[in-house]
Amino acid sequence: MEIATTYKLIVIGGSAGSFASVNHILQELPARFPIPIVICMHRLKHVNSGFKETLEIVSKNKVVEPFHNDLLEPGHIYIVPANYHMMIQSDMRVLFSTEELVNFTRPSIDVLFYSVAQSFGKNAIGIILSGAHKDGVDGLHDMYKIGATTVVQDPQEAQVPTMPQAVLDVMKPHYIFTLRSMIAFLKAHI
Amino acid sequence: MYQTISENQRHEFIAKLQPVLPEIQYYLPSFLDRRILFVMNKMGFADWQNFMSYLDNDHSYDAIFSFLMVPVTEFFRDSLVWHTLFHTIVPKLIKNDPCHVWFPDCSSGHEVYSLCMLLDILNVRNRVRIYAGCKSQQTIDKIQTGVYSAQCESMLVANYKNAEIPYDISKYYTINYNSLICNPELLSNVSFIHSSSLLEDEVPQISLIMYRNSLLYYTTDSQHTFITTMYKKMNFGAYLLLGIKEGGNIFGLQALFSTYNKDLGLYRKK
């Protein structure tokens, strides 16, 4: 597929089994990555999983759990905090919400992806990784319909294939990638 | 595609509710759009005109308010905040009489009950007066019954355990069929204020304001208005507790308050 877009943002959604994948992606991406990356993962809100701390060790870019109204910057990896929905405005500012659970979860990948579809249109990349959930499917579909580039981890490679497979059941994303191909794509096109 | 409403529809909704809910004009448009759709969905309206007709005919608006507001759905949400309230902040506050606490926007009562339990454990409940502002009488009535979903219990227990407060919490509630029922006696020191805006609330000088995760939904200018209003109602050195992710980007906060602990959303009046 021909890529002729100026990307402004990458959003990644994952659930069960995606932690190692996120780790691997961040480890491979070069320092001073030109656009911000936002990662929304389902995790227990009562437990400090050490998620951010672990990513800080492997990532060559700064890992941040943002505050409301923070401005997303290149060279930064943003982790959606537990127990808040996160949305991104077209001016790159972060909005949080404690509104009702969506798909039985907060944060919801759908909520993040919807906001990115509305704010960035074709200038965003949405990625769905491993997970035992369907959260993120509708959001990625919205991104697709509005012209964003959509990527799904190959279900055959995903530790838990339910989430990437759920995407494939309702839409045909632009790419179905192994992690290796996904990393190569991001390095080549950003 | 994600459902949206038009700008004209949003303005129409605002115009109808503004007389009874002045704060509605200060909401972020994106937030208000989501809440309008949520209200319509919850109340079974698929058609906009039918919804508008209903608003024209229902002048209590209690049902609308109960769905429009974002409820807190956990007791002791953000355990570390409650740990700090228990071990550090409340013991400091009660050194000065009178001690007044204000919840400017109480939507479900979870936090009011949590604080009352905490004060009772510290044996200082009768030394603290709590003012809880609610936008609907229906909400006040519901809070006063103390009835919540039994599913709240697992969250309550987990959050409370993480708060590391070394007392048995179970004496403050009972589980009955599908309900968790808080002991209504806990509210004996709480005065509920039915008001449409915190800007109108009449409260005495306050030692602690708990206004968590509410400013998230307002425009920058109105955040400043609310912060200034709260500032004027506080004692020197009083504490302002915001949500843990609201942080230092709230317009006007840094000028009037010093940061006590940003990760807890805890600030002090300068």
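Below, each value reflects all heavy atoms present in this structure, side chains not excepted, and no hydrogens, waters or symmetry copies. Computed from a predicted structure; not experimentally measured. Throughout, protein chains are lettered first and strands after them, A, B, ... in sequence-line order, and every chain is numbered starting at 1.
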Contacting region of A:Asp70 [heavy-atom separation from chain B under 4.5 Å]: both
When B:Leu216, B:Asn213, B:Val70 are compared by non-hydrogen pairs under 4.5 Å with chain A, the top option: B:Leu216
Contact class of B:Lys161 relative to chain A, heavy atoms under 4.5 angstrom: neither
Backbone of A:Tyr7 reached by a side-chain donor or acceptor of A:Asn123 within 3.5 Å: no
Near-ring test B:Phe75/B:Tyr173, centroid separation under 6.0 angstrom: no
Interface moiety of B:Leu28 toward chain A, non-hydrogen atoms closer than 4.5 Å: side chain
Near-ring test A:Phe113/A:His141, centroid separation under 6.0 angstrom: no
Top of A:Pro81, A:Ser97, A:Gly139 for chain B proximity - count of heavy-atom pairs under 4.5 angstrom: A:Ser97
Aromatic ring proximity B:Tyr218/B:Tyr27, centre distance under 6.0 Å: yes
Proximity of A:His174 and A:Tyr144 rings by center, below 6.0 Å: yes
